[in-house]
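Each remark here refers to the structure printed beneath this line.
Keep in mind that this is a model prediction, so the values were computed, not measured.
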Amino acid sequence: MLVSTLDQLAARAAAGDGAALDALLHAVRPDVLRRCLRVLPHQADAEDACQEALIAVAKGIHTFAGRSRFTTWLYPVVANSAFATYRRMRRTAGDLGLDQAPEPTDPARVSVLAGTRIDVIEAFERLRIEQGHVVEAVVLRDLMGLEYSEIAERLEVPVGTVKSRINHGRTAMRRYLTA
């Protein structure tokens, strides 16, 4: 679906058009799920995060003012849902007395990529705690694929500041992942 079509649907949904909201949610669901899968290593967890993101969009669409592309507004919602799902999984694992989130029961299905993704998520969580001001820029660029200009627009800072934050965040991520 064309970006302009999404923007038009979002504007209509923000104005209270329920049919436009339904069409918008249906149109963005595959992309939202794909972006959740970039963060979460297991399909079921990504589907939970996707559903939460779509609910958040439905509840918050009235705040979309149309000053930017809809996807610029959407992707931070997606990232927040994916990371919230991951934090909830960690808390649940902690409540069960496990050191980390439970692994799937079939080791043949666990890929190196999934294990690496867990390490990356942990590094993002550490970055969020230690350098909260840079994490959103890194997530929006490296996980959600936004352009520097879109991130600058979303964060309401100059593009140079976005680039600086991403550079600092990536440097910290490298340290976290090699430590």
Side-chain angles (χ1 to χ4, degrees), residues 1-92 101 117 120-121 123-125 127-129 131-166 169 173:
M1 184 165 269
L2 297 172
V3 171
S4 62
T5 303
L6 288 179
D7 293 336
Q8 291 170 0
L9 283 173
R12 289 180 25 220
D17 182 337
L21 177 61
D22 289 344
L24 179 66
L25 295 175
H26 180 74
V28 299
R29 188 183 188 291
D31 187 40
V32 170
L33 179 58
R34 188 172 37 259
R35 289 174 191 277
C36 289
L37 281 165
R38 288 182 182 177
V39 176
L40 298 160
H42 304 293
Q43 180 80 24
D45 299 328
E47 288 174 3
D48 287 347
C50 175
Q51 187 64 28
E52 288 180 21
L54 295 175
I55 290 169
V57 168
K59 287 181 178 179
I61 192 67
H62 67 279
T63 66
F64 176 69
R67 290 187 299 265
S68 63
R69 292 178 21 195
F70 172 69
T71 54
T72 302
W73 181 88
L74 172 67
Y75 294 151
V77 173
V78 174
N80 289 339
S81 293
F83 280 103
T85 298
Y86 177 74
R87 284 190 294 275
R88 190 172 43 261
M89 289 169 39
R90 294 244 340 150
R91 274 193 310 277
T92 301
R117 215 177 295 166
V120 170
I121 294 170
F124 271 114
E125 282 299 296
L127 183 65
R128 182 182 64 81
I129 292 166
Q131 298 184 46
H133 66 287
V134 301
V135 72
E136 187 171 13
V138 175
V139 167
L140 292 175
R141 178 68 182 161
D142 293 341
L143 292 179
M144 298 295 121
L146 265 66
E147 298 296 325
Y148 291 111
S149 60
E150 292 176 300
I151 298 167
E153 190 176 309
R154 173 70 186 188
L155 300 180
E156 298 178 347
V157 297
V159 171
T161 301
V162 168
K163 289 180 179 181
S164 175
R165 288 180 182 179
I166 290 171
M173 291 285 290

Dump the intermediate steps for side chain to side chain contact (heavy atoms under 4.5 Å, CB included) on Phe70 and Val28, then the final yes or no.
CA-CA 10 Å; Phe70 172 69; Val28 299; 3.9 Å; yes
Heavy-atom distance under 4.5 Å between the side chains of [X] and [Y], does that happen here?
X: Arg88; Y: Glu52; result: yes
X: Leu74; Y: Phe64; result: no
X: Val138; Y: Phe124; result: yes
X: Val162; Y: Arg165; result: no
X: Leu143; Y: Tyr75; result: no
X: Arg154; Y: Leu140; result: yes

Can you see which heavy atom on [X] is nearest to which on [Y], and at what distance?
X: Ala137; Y: Leu155; answer: CB-CD1, 4.0 Å
X: Leu40; Y: Ala49; answer: CD1-CB, 3.6 Å
X: Cys36; Y: Cys50; answer: SG-N, 3.6 Å

Using atom types as modelled and distance alone, determine if a side-chain donor or acceptor of Ser164 lies under 3.5 Å from a backbone N or O of Gly160.
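Flag not set: sc Ser164 to bb Gly160 has no pair under 3.5 Å.
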Short side-chain to backbone donor-acceptor contact, Asp17 and Ala13, under 3.5 Å:
no
Give every donor-acceptor pair under 3.5 Å between a side-chain atom in residues 146-153 and any protein atom, sequence neighbours left out.
| unit_1 | atom_1 | unit_2 | atom_2 | d |
| --- | --- | --- | --- | --- |
| Glu150 | OE1 | Glu147 | N | 2.9 |
| Glu150 | OE2 | Arg69 | NH1 | 3.2 |
| Glu150 | OE2 | Arg69 | NH2 | 3.3 |
| Glu150 | OE2 | Thr72 | OG1 | 3.3 |

Determine whether Val134 and Ile166 satisfy the following criterion, side chain to side chain contact (heavy atoms under 4.5 Å, CB included), listing intermediate values before the conclusion.
CA-CA 6 Å; Val134 301; Ile166 290 171; over 6 Å; no
Verdict with reasoning, Val139 to Phe83, per side chain to side chain contact (heavy atoms under 4.5 Å, CB included)
CA-CA 10 Å; Val139 167; Phe83 280 103; 3.9 Å; yes
Holding to salt bridge (Lys or Arg N to Asp or Glu O under 4.0 Å), I want the full list of residues that pass it with Asp31, two or more places apart in sequence or in another chain.
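Scan of Asp31 (salt bridge (Lys or Arg N to Asp or Glu O under 4.0 Å), adjacent residues dropped) gives Arg34, Arg35.
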Between Gln43 and Glu47, is there a side-chain donor-acceptor contact under 3.5 Å, judged purely by atom types and distance?
yes
Which residue in the set Val77, Leu24, Val32, Val78 passes side chain to side chain contact (heavy atoms under 4.5 Å, CB included) when paired with Leu54?
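Looking at Val77, Leu24, Val32, Val78, the match for Leu54 under the side chain to side chain contact (heavy atoms under 4.5 Å, CB included) is Val32.
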Distance (rounded to the nearest 0.5 Å) between His133 NE2 and Leu127 CG:
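Output value for this atom pair is 8.5 Å.
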So how far is it from Gln51 CD to Leu25 CG, rounded to the nearest 0.5 Å?
9.0 Å
What's the verdict on side chain to side chain contact (heavy atoms under 4.5 Å, CB included) for Trp73 and Arg67, showing C-alpha distance, side-chain angles and the deciding distance?
CA-CA 9 Å; Trp73 181 88; Arg67 290 187 299 265; over 6 Å; no
